Amino acid sequence: MPHQEQMMVHGNLCAPGPPNNAGYNSNPVPIIIQTESRDKWSKKMDFLLSVIGFAVDLGNVWRFPYICYQNGGGAFLIPYVLMAVFGGVPLFYMELALGQFHRTGAISIWKHICPIFKGIGFAICIIALYVSFYYNTIIAWALFYFYSSFSSTLPWTNCNNEWNTENCTNYFGKNNVTWTNYSRSPAEEFYMRNVLAVHESSGLGHVGYIRWQLLLCLFLIFTIVYFSLWKGVKTSGKVVWVTATLPYVVLLILMIRGATLPGAWKGVVFYLNPKWEKLQETSVWVDAAAQIFFSLGPGFGVLLALSSYNPFNNNCYRDAIVTSLVNCLTSFVSGFVIFTVLGYMAEQRNVNVEDVARDKGPSLLFITYPEAIANMVGSTFFAIIFFVMMITLGLDSTFGGLEAIITAVMDEYPDTLSHRRELFVLGLVVVCFLGSLSTLTNGGAYVVKLLEEFGVGSSIIAIVFLEATAVSWFYGINRFSNDIKSMLGYTPGLFWKVCWVAISPAFLAYIIISSLMNPQLLTLFDYEFPDWSITVGYIIGASSFIWIPIYMVYKLVWTPGSLKQVRHACESLVDLNDLICRLV
């Protein structure tokens, strides 16, 4: 990896600037020279596909459709669009611009912005590790389904398998089938009893043994990940031409097939039928804000890493708009793919769509949709392409998440790691694989849920809040705007500045406060997580965020000079950077 040459005033807690911030040329911002040794994207499309591949993940397929119909159908699009315009897209644009200008990863970038906030970079890397511990297991589930799909009769089509129970009820192609609260479809029992084997676990207190089938699937997933990342963006940029484009081909095929199914129109009406009264509920706006945030993915360090390999004068503004639109439209179109099939299932069961659309999260992809596919003409073909789509959607996001760690750590320690990328990536993949082992047990689904809820959750939102605040208020919105001007030739408009300074931080604070004031009971498969596991979850969440105050204390203690001298050094900082001086 490259060496970064920079001119900085040592001992300051934030990057220096002129007294009046008048004019870009007079502003002695850190000078960063990108040496020829730093990787660069071979083509502009390599970068765009990598960003789209990261942002468009499994959550676009399962989370958005469920949240949309749960929160008012078509009416939900109003808060969703507003939260995207005033919160999600500005943060997305900010991270692309920061990475492209400073050309470094999530840790070392704070040397140039505000060194006292460098703990944010370490926290981001820890969260990315937690994501890799559970997210790749979900891809391994999809790989298990993919392998199982190579059969003339899909194994979740009937109740004649060794894992089925007396509650297994197959209603497709049959009349007068009684469906009770105890009834379980063949697809549900395949997922619960054959893939997860969750019935052999009593909960987090006894998760059982590692399932060798999932272990093998996960090993194959990480093998693909390693050989896609080991040489840098020149190899991963080629892989995404397949992994980022194939899902759109499959989505188109599935949408056309779904539209031809009997009862499909019922699902579409249920999906988009606006319930305007829902807009009066605070929870709808919170869900819209959280959905757009986790969908676009600012704060995970991925956008910083990917954009750091761009040419200095690349139009990151246009990239932010294009990729954000693609992401949001993908979520919207995925709803048609899902709900045409739910309408078909409701027609077959002779029930209302809402009675079918109760599954959410992974269950929507591993129970509901496979169940519908199993009873279509050409079921094997549609099952294969559906799970190929899921695998490729997941792999793209894994590439981005691990590249964020790789870029951040290698840019922070270039002398040690610059010529050892292959070994470092191998070590990282091994750590992620070992960290995922608990999710491969009989009770692994409970571990996945715990990590998803607490390993990311509020921690990443709080970190992005601090990131946006540090850039806009400590580094200075005028300096940041001048950085963009030096790249694009023009400064961002008033709208972007107002969003960065006030609206976007308020957007994040709104999500944090709402989630803290309205904690949800954590359950999965009728299993209620015990109090001790919730405590463990909070510890997991704190284990990443805690590095921010730890590094602040370290920086204050070890910065050369007395506190009075540090205060004097800060007096030249611009905008509201002097706030940090008041703290010391």
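Residues: numbered from 1 along the sequence shown. Being a predicted model, the structure only gives us computed values, none of them experimental.
Across V240, T323, L296, V56, a single residue satisfies side-chain contact (heavy atoms from CB on, under 4.5 Å) together with V51, and that is T323.
Expressed to the nearest 0.5 Å, how far CD of E188 lies from SG of C168 amounts to 9.5 Å. Here OG1 of T340 is found 6.5 Å from CG of L261. Values are rounded to the nearest 0.5 Å. Within the model, atoms CD1 of I224 and CG of L229 stand 11.5 Å from one another, a figure rounded to the nearest 0.5 Å.
A heavy-atom distance below 4.5 Å is not found between the side chains of I367 and F190. Side-chain contact between L218 and L440: present, with at least one pair of heavy atoms (C-beta onward) separated by less than 4.5 Å. In this structure, the side chains of V536 and F454 stay at 4.5 Å or more apart for every pair of heavy atoms. In this structure, F294 and I460 have side chains that are in contact, with non-hydrogen atoms separated by less than 4.5 Å. Taking 4.5 Å as the limit, every side-chain heavy atom of D57 sits out of range of all side-chain heavy atoms of D396. Contact check for Y369 versus L364: no side-chain heavy atoms found under the 4.5 Å cut-off. Counting heavy atoms from C-beta outward, M255 and V333 have side chains that approach closer than 4.5 Å. The shortest distance between side-chain heavy atoms of I52 and N327 does not fall below 4.5 Å.
Taking the six-membered ring for Trp and thresholds of 30 and 60 degrees, F219 and F433 have ring planes more than 60 degrees apart, a perpendicular arrangement. Note: F339 and F270 have tilted aromatic rings, judged against thresholds of 30 and 60 degrees for the angle between ring planes.
By the neighbour-count criterion of 12 heavy atoms within 6.0 Å, atom CH2 of W532 is densely surrounded, having more than that number from other residues, nucleotides or ligands. Y209 OH: 12 or fewer foreign heavy atoms inside a 6.0 Å radius. Summarising the local packing, CH2 of W163 is surrounded by more than 12 heavy atoms from other residues, nucleotides or ligands at distances under 6.0 Å.
Taking the salt bridge (Lys or Arg N to Asp or Glu O under 4.0 Å) definition, one finds that D319 meets it with K44, sequence neighbours left out.
At least one donor-acceptor pair under 3.5 Å links the side chain of T260 to the backbone N or O of R257.
Residue pairs meeting the salt bridge (charged side-chain N to carboxylate O under 4.0 Å, His left out) criterion with at least one member in residues 264-279, sequence neighbours excluded, are K266-E347, K278-E281. Within the structure, side-chain hydrogen bond (donor to acceptor under 3.5 Å, both in side chains) pairs that include any residue of residues 133-157 comprise N136-T398, T137-T439 (at least two apart or interchain).
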From CA spacing to verdict: side-chain hydrogen bond (donor to acceptor under 3.5 Å, both in side chains), E189, T165
CA-CA 8 Å; E189 292 205 341; T165 68; 2.5 Å; yes
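Remark: aromatic rings of F144 and F146 are distant, center separation not under 6.0 Å. Taking the six-membered ring where the residue is Trp, the centroids of Y80 and F64 are separated by under 6.0 Å.
Scanning both residues, N164 and C159, for their nearest heavy atoms gives OD1-C, 3.0 Å.
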